[in-house]
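Here the structure is laid out as structure tokens; the discussion comes afterwards.
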Amino acid sequence: MILKTVKDAKEAVADIPSGAFLMMGGFGLCGIPENCIEALLEKGITDLTIVSNNAGVDDFGIGLFLKKRMVKKMISSYVGENEEFERQMLSGELEVELLPQGTLAEKIRAGGAGIPAFFTPAGVGTEVAKGKETREFDGKPYLMERSFISDFSLVKAWKGDTAGNLIYKGTARNFNPMMAAAGKITIAEVEELVPVGTLDPNQIHTPGIYVQRIFQGKKYEKRIEQRTVSTYK
Amino acid sequence: MILKTVKDAKEAVADIPSGAFLMMGGFGLCGIPENCIEALLEKGITDLTIVSNNAGVDDFGIGLFLKKRMVKKMISSYVGENEEFERQMLSGELEVELLPQGTLAEKIRAGGAGIPAFFTPAGVGTEVAKGKETREFDGKPYLMERSFISDFSLVKAWKGDTAGNLIYKGTARNFNPMMAAAGKITIAEVEELVPVGTLDPNQIHTPGIYVQRIFQGKKYEKRIEQRTVSTYK
Amino acid sequence: MLTKEQIAQRIAQEVKHGQYINLGIGIPTLVANYIPSELDVVLQSENGLLGIGPFPTESEVDADVINAGKQTITMLPGSAIFDSAESFAMIRGGHVHLTILGAMEVSEHGDIANWKVPGKMVKGMGGAMDLVASAKMIIVAMQHCSKDGHSKLLPSCTLPITGVRCVKKIVSDLAVLEIDPEGGFILKERAPGVSVEEIKSKTAGKLKILGEIPEMQFN
Amino acid sequence: MLTKEQIAQRIAQEVKHGQYINLGIGIPTLVANYIPSELDVVLQSENGLLGIGPFPTESEVDADVINAGKQTITMLPGSAIFDSAESFAMIRGGHVHLTILGAMEVSEHGDIANWKVPGKMVKGMGGAMDLVASAKMIIVAMQHCSKDGHSKLLPSCTLPITGVRCVKKIVSDLAVLEIDPEGGFILKERAPGVSVEEIKSKTAGKLKILGEIPEMQFN
């Protein structure tokens with residue numbers, strides 16, 4: 001097997017330059033690469049373009065990048081849990097491209113899969129269709145969407161082995177697998193890094209071929225946005 | 001959960017009519033729906049169009065359909081392990097559409113995913129490109145390929161639960177997951193049918209939403225095409 | 001006039017045995033509470049889960065198990081987890097039978113607007129555009145009128161739309177209506193105590209009234 | 001002239017540390033036997049496996065674990081299994097670095113024909129068209145001439161092609177050649193005991209001979 005281990009987040013992100021095109025896994029704050037985010041904050045690079053379904057909250061996740069003005073452009077499906085985001089967007093400091101969530105997911109999947117473009121019904125007749133080709137198949141209109149490939153994809157998994165094979169847990173999987181496949185360089189941080197041969201080949205979510213660097217995160221806060229509990233059962 | 005259990009293969013395929021458009025999982029003889037094949041042979045329907053990566057061998061798998069002249073058209077990437085196939089093809093009794101294996105896999109995946117068409121570099125400049133639109137993206141030519149949706153998809157898994165969730169084993173996975181998603185009606189046969197709640201939600205390969213009928217196969221021969229062993233290790 | 005809970009309750013009557021359902025944020029989420037327990041249905045969460053269970057107890061809370069509204073939830077026996085591309089493959093491919101979502105406006109042709117108000121902060125469409133473009137059955141839960149009394153059932157949407165000719169049915173605080181494929185809101189039921197006249201006066205789009213309009217029934 | 005084993009052995013010298021590799025059926029499969037053990041590489045099987053291990057012992061044989069040639073194989077520690085769509089996503093997306101496959105003809109522009117002979121039974125292209133359309137590095141293992149002595153390295157292919165301008169390097173029983181992006185076979189090495197003259201006479205396409213041509217080295 002080809003070993004992908006790096007020491008820590010700092011080493012993993014060392015060569016990410018200002019102006020890079022990044023993908024960052026997660027849905028809300030669930031399944032985000034917390035350790036890579038921290039390491040990038042310390043590096044303090046700027047002018048990033050970031051593909052991420054959401055933009056974090058004011059004091060966690062990508063929200064921290066916004067505070068430090070590290071982001072030039074966000075490509076997301078849903079933002080607004082974040083006042084600094086709103087301020088920068090309304091003032092024009094931050095460029096924002098909003099895409100339907102399924103279109104976003106599929107553009108990333110297509111990028112990793114060597115498919116330059118595909119057709120989807122989502123967004124036909126809406127603002128999202130502006131500047132895009134519309135075409136009918138079997139009498140129904142579809143938009144042509146181009147795929148995304150990142151310079152660096154930062155993903156977070158539950159377990160990973162030193163060959164880069166990843167297993168996610170629960171709904172923390174979300175955008176991580178497609179982003180792992182769509183990165184020219186993919187950096188995976190995991191809660192538990194295990195030796196090759198520990199994970200069942202039949203149960204790998206992201207095959208190691210997609211991962212160039214892997215490390216075990218120092219700690220995971222796993223902040224919850226909407227802690228909702230039922231008191232009875 | 002929505003329960004999908006049917007009694008056996010006979011009940012599962014009871015309403016498949018002559019002329020149906022079928023997808024059948026498997027790579028060679030690995031991971032094929034043996035029990036559904038047997039039940040369809042007994043029904044003796046004809047004029048089937050079958051999407052399957054291969055066409056079985058003379059006396060097993062889809063080869064048995066060919067012997068009984070049940071097939072009008074095969075859509076495959078690699079056929080030729082099968083003399084009766086060759087005879088029917090050369091005599092014009094059997095229509096054959098050959099597609100690059102990755103294109104075949106992606107046409108099925110796209111069908112299940114509601115994507116009517118996509119672009120691939122495979123086959124550009126070859127016979128496969130005939131009648132298909134060629135288009136450049138970033139200076140490289142691609143073919144536009146349309147997706148496939150079947151009337152019935154017949155897939156084979158290792159374990160399944162009564163809600164239709166499936167887990168495959170080893171390389172018997174192959175085309176089965178995409179075909180499961182691309183069937184208007186998907187019939188899954190499994191080696192072991194377990195109650196809902198037995199399988200780990202994190203480790204499901206095919207979510208039950210794609211499966212309309214499931215049963216435990218009576219027996220599996222699992223014939224091997226190229227038994228290759230090493231005598232030393 | 002119906003409360004939000006009653007709108008959810010009325011919509012729950014539309015749910016059929018064996019359906020896979022996606023519930024939007026807000027009133028649609030409440031529908032889950034009113035689905036009769038004898039119906040087997042599965043709720044899909046577009047962040048990657050089939051089989052949404054009840055909210056967790058304090059000790060069950062798992063930051064890695066949330067719904068599309070970012071709320072902590074539980075899974076059920078028979079649940080399945082998948083990634084976002086697979087989740088929207090499911091939605092786009094028509095495997096999710098029923099989508100219930102909120103709206104700011106619906107046109108008499110079934111266009112829906114629910115993601116953007118010009119001049120206000122745009123939060124994004126999330127999965128709504130994918131859902132309305134593909135689900136076989138789309139039911140909208142909404143208030144018939146805005147807070148300042150303007151009808152939200154219009155000849156055509158004034159806000160940027162989320163999807164074209166996709167809404168099949170509306171349950172508002174005043175009425176149940178179906179979209180006529182040829183255009184128009186077909187009045188099917190009145191909320192208890194609400195007159196046809198009131199609904200007429202509060203529907204800006206073309207309202208079609210065919211015969212006697214019954215009152216909604218709640219069990 | 002090289003034996004099939006020697007062709008495989010020479011190709012194995014092209015393999016680099018850290019590569020993911022797809023080996024076609026025939027001579028390419030033999031390459032695996034000659035990859036130096038100090039190089040970490042991973043073999044991909046397009047039916048859905050990364051990490052092809054050796055053939056199984058009798059007791060290890062598992063009908064559910066085969067390679068793309070339908071042979072029973074084993075998996076290695078660190079292997080991963082996936083479906084056919086994912087397998088070709090990997091290939092099409094350029095994640096597989098090196099493809100080694102056989103050919104019936106190669107043109108001086110790097111076109112390859114290896115799937116169909118008119119008038120003969122067509123078995124299908126399998127994964128070859130996807131592989132040649134996407135791999136970054138494509139090396140062909142082939143006989144320089146057909147059994148009846150015709151060159152298989154041509155100005156342009158006469159057989160239906162599998163891919164256009166994709167082959168980068170050829171290892172035949174006579175020589176190692178690279179495709180010049182501007183057209184032509186650049187002769188890089190001679191098989192032991194084979195003269196440049198012989199290679200010249202057996203290459204129908206444009207042969208480019210730059211300087212002294214060394215003999216292949218085998219360790």
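Remember, it's a predicted structure, so these values are computed and weren't measured experimentally.
- Side-chain atoms of Ser230(B) come within 3.5 Å of backbone N or O of Phe55(D) as a donor-acceptor pair.
- The number of heavy-atom neighbours closer than 6.0 Å to CD of Glu136(B), taken from other residues, nucleotides and ligands shown, is above 12.
- Considering only heavy-atom pairs separated by less than 4.5 Å from chain B, the leading option among Asp62(D), Asn67(D), Ile73(D) is Asp62(D).
- Atoms CG and CD, on Asn47(D) and Gln101(B) in that order, are 7.5 Å from each other to the nearest 0.5 Å.
- The part of Asn54(B) that comes within reach of chain D is its side chain, from C-beta onward, which places non-hydrogen atoms under 4.5 angstrom from that chain.
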Tell me, with the steps shown, if Trp115(D) and Glu127(B) meet side-chain contact (heavy atoms from CB on, under 4.5 Å). CA-CA 11 Å; Trp115(D) 77 285; Glu127(B) 284 185 12; 3.9 Å; yes
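- To the nearest 0.5 angstrom, His205(B) atom NE2 is 9.0 Å from Ile81(D) atom CD1.
- By the neighbour-count criterion of 12 heavy atoms within 6.0 Å, atom NZ of Lys188(D) is sparsely surrounded, having that number or fewer from other residues, nucleotides or ligands.
- In this structure the side chain of Thr120(B) reaches within 4.5 angstrom of the side chain of Arg92(D), judged on heavy atoms.
- Residues Thr126(B) and Thr162(D) are not in side-chain contact: their nearest non-hydrogen atoms beyond the backbone lie 4.5 Å or more apart.
- Atom NZ of Lys169(B) is separated from atom CG of Asp64(D) by 3.5 Å, given to the nearest 0.5 angstrom.
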Please assess Arg87(B) against Met121(D) for the test side-chain contact (heavy atoms from CB on, under 4.5 Å), listing each intermediate value before the final yes or no. CA-CA 9 Å; Arg87(B) 200 196 57 68; Met121(D) 165 68 185; over 6 Å; no
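- Contacts of Val124(B) with chain D are made by backbone atoms alone, with heavy-atom separations under 4.5 Å and no side-chain atom involved.
- Of the two parts of Ile108(B), neither the backbone nor the side chain holds a non-hydrogen atom closer than 4.5 Å to a non-hydrogen atom of chain D.
- Taking the charged nitrogens against the carboxylate oxygens, Arg109(B) and Asp83(D) have no contact shorter than 4.0 Å, which rules out a salt bridge.
- Only the side chain of Glu191(B) comes within contact range of chain D, judged by heavy atoms closer than 4.5 Å.
- Residue Glu133(B) qualifies as enclosed at atom CD: its count of foreign heavy atoms under 6.0 Å is above 12.
- Summarising the geometry of Met129(D) relative to Gly123(B), their closest heavy-atom pair is SD-CA, 3.9 Å, with the distance given to 0.1 Å.
- Salt-bridge annotation for Arg173(B) and Glu86(D): absent, with no side-chain N of the basic residue lying under 4.0 Å from a carboxylate O of the acidic one.
- The choice from Ala63(D), Ala133(D), Ala85(D), Gly126(D) that makes the most heavy-atom pairs within less than 4.5 Å of chain B is Gly126(D).
- Comparing Val122(D), Val132(D), Leu131(D), Asp111(D) by how many heavy-atom pairs each has under 4.5 Å with chain B, the most go to Val122(D).
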Chi angles and distances behind the side-chain contact (heavy atoms from CB on, under 4.5 Å) call for Cys30(B), Lys70(D): CA-CA 8 Å; Cys30(B) 181; Lys70(D) 283 112 180 174; over 6 Å; no
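- Here the side chains of Phe27(B) and Ile66(D) are in contact, with some heavy-atom distance below 4.5 Å.
- Interatomic distance, Asn82(B) CG to Lys123(D) NZ, rounded to the nearest 0.5 Å: 10.5 Å.
- Contacts of Phe85(B) with chain D are made by side-chain atoms alone, with heavy-atom separations under 4.5 Å and no backbone atom involved.
- When Ala89(D), Gly127(D), Ser79(D) are compared by the number of non-hydrogen pairs under 4.5 Å with chain B, Gly127(D) comes out ahead.
- Residues Asp130(D) and Thr103(B) meet the side-chain proximity criterion, which asks for heavy atoms closer than 4.5 Å.
- Using a 4.5 Å cut-off on side-chain heavy atoms (C-beta onward), Gln71(D) and Val229(B) make no contact.
- Nearest heavy-atom pair across Thr171(B) and Gly48(D) is CG2-O, 4.3 Å.
- Dense packing is recorded around NZ of Lys140(B), with more than 12 heavy atoms of other residues, nucleotides or ligands lying under 6.0 Å away.
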